[in-house]
Amino acid sequence: MISEFELIRRYFTKAAGKYTRLGIGDDCALIKVNEGMELALSTDMLVSGTHFFSDVSASQLGHKVLAVNLSDMAAMGGQPRWCTLAAALPEANETWVAAFAEGFFALADRFEVDLIGGDTTKGPLNFCVQIMGEVRTGKALLRGGAKVEDDIWVSGELGGAALMLKHLQGQILLSEELVQQCAKRLHTPEPRVALGLKLINIANSCIDVSDGLIADLGHILERSQVGAELWLGAIPSPLIPDIDSLELYQCMLAGGDDYELCFTAAKDKRALIDDISSSLKLRLSRIGIIKRESGLVVKDHQQNVVELAIKGFDHFG
Ligand SMILES: [Mg+2]
């Protein structure tokens, strides 16, 4: 059986990029943060059975474990540069590890992120990535900056990943076309790094939608000490599938794993945000408004208040 060191050498050691002084191979890595920049760090863990099915494709898992971390970097407006990876594997299955590394590095190379260290151990399948990046000092997008009367925006579409999960669990039946569309959302989400970078000096607050819109927007409201009104009809979802609308709303509002960005910005930024949408070819939708009164009110197409007995995902809830 292949040794730990050989596994790392063969599949996880790559030439370091220009922002890394010393990558994998010593006791620590050495990185250089540019003048005038702050280091942004975040860690996200994916555990078999909790975050993914144990039979998920190794290459997709390699993508996702990095994508969810890049998404947090995107939410801060950070430029991702480096990451570490700690992995527990039940066995040293080389074919599996090779496929995982292929998915991981395809994304890492696309975003020019260096893997600069990590750890491997035998144990129940579990991956932990730490992402590190740079953001201009004092310019990071925070959760606490939302202002009364700010527009609330969201990128892409919401609910696709949750719809796919319900399909896999046999709770709903999606058409072939929707399976294609939603499977991508669940298994290989696209981190909105370019959007986060462009929102610096434009957005007042930002978060990535990982636990569901209601829960994640809720974090912005709490940190900013404001409330909000959301318009159900304005929230973008995948092609309206042939399912109960309550089920769809549940997925759009409370489904996790979308990894879109939800941000707030002053009204006079609308034209700039529309320009960003065109330049990135990414749908950006205005879905509500920040209010002085605390709490979150959701209104339907007729402007009636909708009572929602739903919440986002809470691991210990
Ligand atoms: Mg986040």
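Bear in mind that the values here come from a model prediction, so they are computed numbers and not experimental data. The figures here come from the full heavy-atom set of this structure, side chains too, leaving out hydrogens, waters and symmetry mates.
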Is the shortest heavy-atom distance from the side chain of [X] to the side chain of [Y] under 4.5 Å?
X: His167; Y: Leu173; value: yes
X: Met132; Y: Arg81; value: no
X: Val154; Y: Leu261; value: no
X: Val179; Y: Glu176; value: no
X: Ser205; Y: Arg143; value: no
X: Glu149; Y: Ile290; value: no
X: Leu230; Y: Ile289; value: no
X: Cys251; Y: Lys166; value: yes

Could you state the interatomic distance from [atom1] ([X]) to [atom2] ([Y]), rounded to the nearest 0.5 Å?
X: Asp208; Y: His219; atom1: CG; atom2: NE2; value: 10.0 Å
X: Ile131; Y: Thr43; atom1: CD1; atom2: OG1; value: 10.0 Å
X: Cys182; Y: Gln180; atom1: SG; atom2: CD; value: 10.5 Å
X: Lys299; Y: Asn304; atom1: NZ; atom2: CG; value: 9.0 Å
X: Gln130; Y: Thr84; atom1: CD; atom2: OG1; value: 4.5 Å
X: Cys83; Y: Leu66; atom1: SG; atom2: CG; value: 5.5 Å

Mind listing the closest non-hydrogen atom pair of [X] and [Y] along with its distance?
X: Pro189; Y: Pro191; result: O-CD, 3.4 Å
X: Ile207; Y: Asp216; result: CD1-O, 3.3 Å
X: Leu217; Y: Cys262; result: CD1-SG, 4.1 Å
X: Gly196; Y: Leu141; result: O-CD1, 3.6 Å
X: Asn69; Y: Val65; result: ND2-O, 2.9 Å
X: Tyr259; Y: Lys64; result: CE1-CE, 4.4 Å

Indicate, with yes or no, if [Y] and [X] share a hydrophobic cluster defined by side-chain heavy-atom contacts under 4.5 Å among Ile, Leu, Val, Met, Phe, Trp and Tyr.
X: Phe263; Y: Met76; answer: no
X: Val113; Y: Val135; answer: no
X: Ile200; Y: Met73; answer: no
X: Ile273; Y: Trp231; answer: no
X: Val209; Y: Met252; answer: yes

Any donor-acceptor pair under 3.5 Å from [X] side chain to [Y] backbone:
X: Asp26; Y: Cys28; result: no
X: Lys122; Y: Pro90; result: yes
X: Ser224; Y: Lys147; result: no
X: Thr20; Y: Gly23; result: no
X: Lys291; Y: Val226; result: no
X: Glu134; Y: Asn34; result: yes
X: Glu293; Y: Gly227; result: no
X: Thr188; Y: Gln60; result: no
X: Ser278; Y: Asp274; result: yes
X: Asp114; Y: Ile116; result: no

- Determine whether the side chains of Asn201 and Lys139 contain a donor N or O and an acceptor N or O closer than 3.5 Å.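 Distance-only check passes for Asn201 and Lys139.
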- Do the side-chain N and O atoms of Asp150 and Asn204 include a donor-acceptor pair separated by under 3.5 angstrom?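 Yes, because at least one side-chain N or O of Asp150 sits under 3.5 Å from a partner of the opposite role on Asn204.
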Mark yes when over 12 heavy atoms from residues, nucleotides or ligands other than [X] sit less than 6.0 Å from its [atom1]; otherwise mark no.
X: Lys198; atom1: NZ; result: no
X: Gln169; atom1: CD; result: yes
X: Met45; atom1: CE; result: no

- Message: Between Val129 and Asp44, does the side-chain contact (heavy atoms from CB on, under 4.5 Å) criterion hold? Intermediate values first, please.
- Response: CA-CA 6 Å; Val129 167; Asp44 226 328; over 6 Å; no
- Salt bridge between Arg136 and Glu38, side-chain N to carboxylate O under 4.0 Å?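 Salt bridge flag = no for Glu38 with Arg136.
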- Would Glu260 and Arg283 pass as an ion pair if we require N to O under 4.0 Å?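 Not counted as a salt bridge, because no side-chain N and carboxylate O are separated by less than 4.0 Å.
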- Could you give me the CA-CA distance, side-chain angles and deciding distance for Lys18 and Glu112, then say whether salt bridge (charged side-chain N to carboxylate O under 4.0 Å, His left out) is met? CA-CA 10 Å; Lys18 61 179 169 184; Glu112 298 181 304; over 6 Å; no
- Task: Could you give me the CA-CA distance, side-chain angles and deciding distance for Phe52 and Leu125, then say whether side-chain contact (heavy atoms from CB on, under 4.5 Å) is met?
- Result: CA-CA 10 Å; Phe52 59 90; Leu125 202 57; 3.7 Å; yes
- List the steps and the verdict of side-chain contact (heavy atoms from CB on, under 4.5 Å) for Leu282 and Leu195. CA-CA 9 Å; Leu282 176 63; Leu195 174 60; 4.0 Å; yes
- Message: Using ring centroids (six-membered ring only for Trp), state whether Phe100 and Phe127 fall under 6.0 Å.
- Response: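 Centroid separation for Phe127 and Phe100: below 6.0 Å.
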- Going by the angle between their ring planes, with limits at 30° and 60°, are Phe104 and Phe12 parallel, tilted or perpendicular?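 The rings of Phe104 and Phe12 stand perpendicular, inter-plane angle above 60°.
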- Worked verdict on Arg185 versus Asp257 for salt bridge (charged side-chain N to carboxylate O under 4.0 Å, His left out): CA-CA 8 Å; Arg185 304 310 311 266; Asp257 267 0; over 6 Å; no
- Does NZ or CZ of Lys14 fall inside the cone over Phe105's six-membered ring, less than 6.0 Å from its centre and within 45° of the axis?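 Judged by the rule (NZ or CZ under 6.0 Å from the ring centre, within 45° of its axis), Lys14 counts as positioned above Phe105.
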- Task: Decide salt bridge (charged side-chain N to carboxylate O under 4.0 Å, His left out) for Arg10 and Glu94; before the verdict, give the C-alpha distance in whole Å, the side-chain angles of both, and the deciding distance to 0.1 Å.
- Result: CA-CA 10 Å; Arg10 206 175 288 177; Glu94 242 189 287; 2.6 Å; yes
- Task: Apply side-chain contact (heavy atoms from CB on, under 4.5 Å) to the pair Ile287 and Trp153, showing each step before the final yes or no.
- Result: CA-CA 6 Å; Ile287 60 169; Trp153 295 81; over 6 Å; no
